[in-house]
Amino acid sequence: MNIEIVAVGSELLSTRFADTNSLYLTERLSDLGLSVARRTIVGDQGPDLEVSLRQALAFADLVLVGGGLGPTGDDRTRESAAAALGRRLVFRSDLAAGIEARFQKLGRPMSEPNLRQAWIVEGAEVLPNANGTAPGQWIEADGKILALLPGPPHELNGVFESGVWPRLKARSFQHASRLMIRTTGLGESDLEARIADLYPADERRRLTVLASPGRVDLHITAVSPESAEQAAALAEALAAALRDRLGTFIYGGEGADLEAVVVGLLADAGATLATAESCTGGLVAHRLTNVPGSSRVFLGGFVAYGNAAKARDLGVEPALIAAEGAVSPAVALAMASGARSRMEADWGLALTGIAGPGGGSPDKPVGLVYIALAGPDGVAVERHVFPGRREAVKFQASQRALDRLRRRLAGIA
C-alpha cells in the first residue's frame, strides 16, 4: 500500500524543532514490512491542512496524521479531516466526561477549550490516549485509512502502539526483519562503489545507505509472506555479503557506538588509555566517558589547546613547536607520547589540527588534523583533511582517532 505521513505544526517548519514523530512512525511501519512513500509537513492553518489531507488521501491508501488534536485554537486537524472527507464532526459526551475526570484526578480545574477534544469525525473509531486528553481517531473511507494521532511524542507513540499497530498488523500479510551495519573510514561514494552490485533486485529485500560525518550506516529490510524466520534469513544473507565486502570498515551493528566498541576492546585487552587533544577540545574524552564502565580503561585526558599547555602538561618541547608548528606530525607524536607517559597508560591518543573556519594556509588548510597513537608496539601518526564546518571537522577527527585505536587494538592494519 502507498503510505503518507502528514506532520502537523507550524513549529516543524522552523529550524528549532525536528519532526521526530515521522521518524518513529516510519521505523515502526518498517517492522511490518511497510514503506512510507511520502512525508508532508504542514502548518496549523486550516485551509492548508485541508488541502494537504485531500492530496494525501488521493495519493495514499494509508495516511497517518500527527498533531493538531489539542484544545487550542490552532489545533485544526479534526475540522480539516472532516472537511477533506466530506463528513461532519460529532460531539461525544463520553469523551468529554473522560477528559473532565482526568483533570479531576490531577486536582486541576478543566477549562472549556478542553472539550474541543471530544469532537470526533463522523464514523471514526476512537483510539484511547492513556497519556493525554486528545484521543486518536481511525477513519476508513472509500478503501482508504486515515489515522489521526496526537502530536506530543509520548502520546503519539502510545496511541500508535495501542490503537494503530494492532489494526495494521491484523491486515499485514508480511513478516519483516531489519538489520543495520555501521561503518567508518569510507566515504559514502567509496562505500557505494564497493557494494553497488549487492543491491537486491527482488522486492523482498531493501538496502538503504545513510551517511553522516565520519560514519555510513547500511539499513537492511527483508520481508516474507511465509514466516519471520524466512525474513530473517533473507536479511542475514544480504548482511553477510555486505560484511564480507566491507570487512574491517565495519565496527558494529544497530545501536553500536564506536566509542563503546573501543572501550570494550581496551577492557578485553586489559589495557588503559590517555588522550591529548587540541583541535577537538576534549571531544574524544567526552565520547569515551559517555560509555558506562569506561573508567576501567580510560585514565584521563589533556585538553592542550594552547602551545603553553602542550609544553607544560604534555612535555612537548617549545623548540619543536617553534620549528614544526603546533599542527604537525612531530607535535602530534610528542603529544601522544606525553599523554601516555604522564598518565602511565598503555596507549596515548593525540589530535592536533585546524578546525576552522579561519587559521588555514595553502600548506595547512582548514580541516587538517594529525592523529597520533603511542602504544606498546610503537608510535604512528596519520594526516587527514576533513571537510565541513568546525563542528563537523571536530567530530570526524574524533571518529577517525577512535577508529585508529580500534584497528590497532584489533590487530587490523
For [X] versus [Y], what's the shortest heavy-atom pair and its separation?
{"X": "Arg296", "Y": "Thr272", "answer": "O-CG2, 4.4 Å"}
{"X": "Gly356", "Y": "Val366", "answer": "CA-CG1, 3.6 Å"}
{"X": "Asn129", "Y": "Pro150", "answer": "ND2-CG, 3.8 Å"}
{"X": "Leu85", "Y": "Leu146", "answer": "CD1-CD2, 3.9 Å"}
{"X": "Pro387", "Y": "Gln396", "answer": "O-NE2, 2.8 Å"}
{"X": "Arg383", "Y": "Pro365", "answer": "NH2-CD, 4.3 Å"}

[atom2] on [Y] to [atom1] on [X], rounded to 0.5 Å:
{"X": "Leu156", "Y": "Leu149", "atom1": "CG", "atom2": "CG", "answer": "4.5 Å"}
{"X": "Asp94", "Y": "Ile99", "atom1": "CG", "atom2": "CD1", "answer": "9.5 Å"}
{"X": "Glu100", "Y": "Thr133", "atom1": "CD", "atom2": "OG1", "answer": "12.5 Å"}
{"X": "Glu4", "Y": "Arg39", "atom1": "CD", "atom2": "CZ", "answer": "11.0 Å"}
{"X": "Arg182", "Y": "Asp217", "atom1": "CZ", "atom2": "CG", "answer": "4.5 Å"}
{"X": "Ser30", "Y": "Arg178", "atom1": "OG", "atom2": "CZ", "answer": "3.5 Å"}

Are the side chains of [Y] and [X] in contact, using a 4.5 Å heavy-atom criterion?
{"X": "Leu265", "Y": "Arg407", "answer": "no"}
{"X": "Val164", "Y": "Leu25", "answer": "no"}
{"X": "Leu34", "Y": "Gln174", "answer": "no"}
{"X": "Arg87", "Y": "Ile139", "answer": "yes"}
{"X": "Met1", "Y": "Lys144", "answer": "no"}
{"X": "Leu218", "Y": "Leu191", "answer": "yes"}
{"X": "Leu69", "Y": "Arg78", "answer": "yes"}

TODO: Answer yes or no for Arg205 and Tyr199: cation-pi contact, defined as NZ/CZ to six-membered ring centre under 6.0 Å and angle to ring axis within 45°.
DONE: no

Task: Six-ring centre of Trp165, Arg28 cation under 6.0 angstrom, axis tolerance 45° - done: yes

Ignoring hydrogens and angles, tell me if any N or O in the side chain of [X] forms a donor-acceptor pair with the backbone of [Y] under 3.5 Å.
{"X": "Asn21", "Y": "Gly151", "result": "yes"}
{"X": "Gln117", "Y": "Asn114", "result": "yes"}
{"X": "Arg116", "Y": "Pro113", "result": "no"}

- [ ] Kindly check if the number of other-residue, nucleotide or ligand heavy atoms within 6.0 Å of CZ (Arg38) is above 12?
- [x] yes

- [ ] Give a yes or no on whether a salt bridge exists between Asp197 and Arg245, defined as a side-chain N under 4.0 angstrom from a carboxylate O.
- [x] yes

Task: Charged N-O contact under 4.0 Å between Arg400 and Asp403 - done: no

Open item on the list: For a quick check under 3.5 Å, do Asp363 and Ser361 share a side-chain donor-acceptor pair by atom type?
Closed with: no

Task: Donor + acceptor pair across side chains of Gln399, Arg287 (<3.5 Å) - done: yes

- [ ] Let me see the working for Glu344 and Leu299 under side chain to side chain contact (heavy atoms under 4.5 Å, CB included), right down to the final yes or no.
- [x] CA-CA 9 Å; Glu344 297 182 349; Leu299 301 184; 5.6 Å; no

Open item on the list: One pair to check against side chain to side chain contact (heavy atoms under 4.5 Å, CB included): Leu62 and Ile3. What are the steps and the verdict?
Closed with: CA-CA 5 Å; Leu62 169 64; Ile3 301 175; 4.1 Å; yes

Task: Leu349 vs Ile371, side chain to side chain contact (heavy atoms under 4.5 Å, CB included): CA-CA, chis, key distance, verdict - done: CA-CA 7 Å; Leu349 180 62; Ile371 299 170; 4.1 Å; yes

TODO: Show your working on side chain to side chain contact (heavy atoms under 4.5 Å, CB included) between Phe298 and Val291 and close with a plain yes or no.
DONE: CA-CA 10 Å; Phe298 181 54; Val291 180; over 6 Å; no

Task: Among Val216, Ile195, Leu246, the one residue meeting side-chain contact (heavy atoms from CB on, under 4.5 Å) with Leu186 - done: Leu246

Open item on the list: If the condition is salt bridge (Lys or Arg N to Asp or Glu O under 4.0 Å), which residues does Arg404 pass it with, not counting sequence neighbours?
Closed with: Glu382

